[in-house]
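Here the structure comes first, spelled out in structure tokens, and everything after it is commentary.
Just so we're on the same page: letters track the sequence lines, and every chain starts at 1.
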Number of protein chains: 2
Amino acid sequence: MTKSATPRRSPPMVSDIGPLKGHLGYFVRRLQIWVFQDFIRTLAAIEISPAQFSVLAVIHANEGLSQIELGNTLGIERARLVRLLNRLERRGLLERLPSNGDGRRHALRLTAGGQATFKQARNLADRHESGLLAKLGEARYRALMDALRP
Amino acid sequence: MTKSATPRRSPPMVSDIGPLKGHLGYFVRRLQIWVFQDFIRTLAAIEISPAQFSVLAVIHANEGLSQIELGNTLGIERARLVRLLNRLERRGLLERLPSNGDGRRHALRLTAGGQATFKQARNLADRHESGLLAKLGEARYRALMDALRP
DNA sequence: TATTGTTATACTCTATAACTATA
DNA sequence: TATAGTTATAGAGTATAACAATA
């Protein structure tokens, strides 16, 4: 090929962000979007979003927990969680079993297929994380992790 | 009063987050939500969201810039920006003037009312930021700022 | 009475595609 | 042909309220 097929576009001209320079929330938001976009791209082949990955991870680590516990752990509203779980259940990745003891609760479990998908997801998520470390540099990555972890 | 009027609720039981412990994106997301909720509460009285604040701030610092420049600066898609600006224009906070030179562009400016509202917003946003520093502690706040700023 | 899961509604955000007017 | 702004649509996230079943 002689030349790029993509049309030449003017370099995106960026302006002064003014007082946003002094706001933590602005930079946290920009980083979060950038990280999630990379995550989504990396796991696109298996169609697992960041929220779905977090749900599978917590169920995997806490088999039999209830929806309310899952929601509290991840900060997801219980009404929102219902639809999230519906989709994963329809995909055959998890099941809602009757809870022993409390008739109001469901005990959440990954199915065999859910375990397999989660294993793939974890491999891709690890690749994503290594990519972050490479792009941010070890020092900055470590500084962020140390400052962010509660 | 003798007792709290709010019903007693069981302490939210939180589970193990498993492999999420090793993912930067998880912690960045949790922090971002926490910071934005605080921002929204602090500026609730004047009904300015984080996105609206960022738009007012960049227009204030770059009077006459175009929508595409504003979008590039903040990472906001131009289609989304249209509705954001519509609302602020309807509230009388900004105006879209004809650009000299290029008939396709608008030159964005804050109105007098927009300047006044932005001044209020900046005061409240500063209070929000001081609150963050107090809640996170100076060391952690500084570490985050240093690691986040590009 | 309170809690768990569910349904429903409304609003925001994000991602596209297509249209227009201008260049 | 490409760009700036606009409109429209669909999907996801967020915030509520209300309901049934169970405690």
Side-chain angles (χ1 to χ4, degrees), chain A residues 4-13 29-30 32-34 36-37 39-41 44 47-55 65-72 74-89 94-108, chain B residues 4-13 29-30 32-34 36-37 39-41 44 47-55 64-89 94-108:
Chain A
S4 167
T6 56
R8 191 172 317 143
R9 44 184 85 195
S10 53
M13 125 82 124
R29 176 64 173 159
R30 295 302 297 254
Q32 185 257 306
I33 291 171
W34 181 73
F36 269 41
Q37 281 176 345
F39 186 98
I40 292 165
R41 264 196 309 273
E47 293 187 288
I48 295 290
S49 70
Q52 289 173 331
F53 180 73
S54 69
V55 163
L65 88 171
S66 67
Q67 297 185 191
I68 202 80
E69 286 160 356
L70 176 56
N72 287 339
L74 291 173
I76 301 176
E77 227 284 317
R78 69 192 204 278
R80 158 112 189 89
L81 195 53
V82 170
R83 279 166 306 176
L84 246 166
L85 294 177
N86 283 347
R87 192 134 28 131
L88 295 171
E89 194 180 33
L94 59 84
E95 45 193 355
R96 294 188 246 219
L97 303 170
S99 171
N100 0 352
D102 193 332
R104 295 168 302 183
R105 293 175 178 238
H106 295 159
L108 300 170
Chain B
S4 168
T6 54
R8 193 173 315 142
R9 44 183 88 196
S10 53
M13 126 83 126
R29 176 65 173 156
R30 295 302 298 252
Q32 185 258 307
I33 290 170
W34 181 74
F36 269 42
Q37 282 176 345
F39 186 97
I40 291 165
R41 263 197 310 275
E47 294 186 288
I48 294 291
S49 70
Q52 290 173 331
F53 180 74
S54 70
V55 163
L65 89 171
S66 68
Q67 298 185 191
I68 201 79
E69 285 160 356
L70 176 57
N72 287 338
T73 304
L74 290 174
I76 301 176
E77 227 284 319
R78 69 194 206 278
R80 156 116 191 86
L81 196 53
V82 170
R83 278 167 306 173
L84 246 166
L85 295 177
N86 284 347
R87 194 139 21 136
L88 294 171
E89 194 180 32
L94 60 82
E95 47 193 355
R96 293 188 245 220
L97 303 170
S99 171
N100 1 351
D102 193 332
R104 295 169 301 181
R105 294 177 177 237
H106 294 158
L108 300 171

Output yes when at least one side-chain N/O atom of [X] is less than 4.0 Å from OP1 or OP2 of [N], else no.
X        : N      : result
A/Gln37  : C/dT14 : no
A/Gln67  : C/dT6  : yes
A/Gln52  : D/dA12 : no
B/Arg78  : D/dT3  : no
A/Arg105 : C/dT4  : yes

Query - Closest to the B/Ile68 side chain, choosing from C/dT6, C/dA23, D/dG5 - result: D/dG5

Query raised in the report: Nearest of C/dT12, D/dT16, D/dA8 to any side-chain atom of B/Ala79?
Result: D/dA8

Query raised in the report: Heavy atoms, side chains only, cut-off 4.5 Å: are A/Pro50 and A/Ile40 in contact?
Result: yes

Can you tell me how far [atom2] of [Y] sits from [atom1] of [X], rounded to the nearest 0.5 angstrom?
X        : Y       : atom1 : atom2 : answer
B/Leu74  : A/Arg29 : CG    : CZ    : 11.5 Å
A/His106 : A/Leu94 : NE2   : CG    : 12.0 Å
B/Glu89  : B/Leu85 : CD    : CG    : 8.0 Å

Report summary line: DNA chain C nearest-nucleotide lookup for A/Glu69 and A/Arg29: closer to the 5′ end is A/Glu69

Query raised in the report: Closest nucleotide of DNA chain C for B/Arg104 versus for B/Gly75: which of these residues is on the 5' side?
Result: B/Gly75

Tell me what [X] touches on the nucleic acid: a base, only sugar-phosphate, or nothing, going by heavy atoms under 4.0 Å.
X       : answer
B/Arg83 : base
A/Gly71 : nothing
A/Ser49 : nothing

Report summary line: Nearest-nucleotide check on DNA chain D, A/Leu84 vs A/Gly101; residue mapping nearer the 5' end is A/Leu84

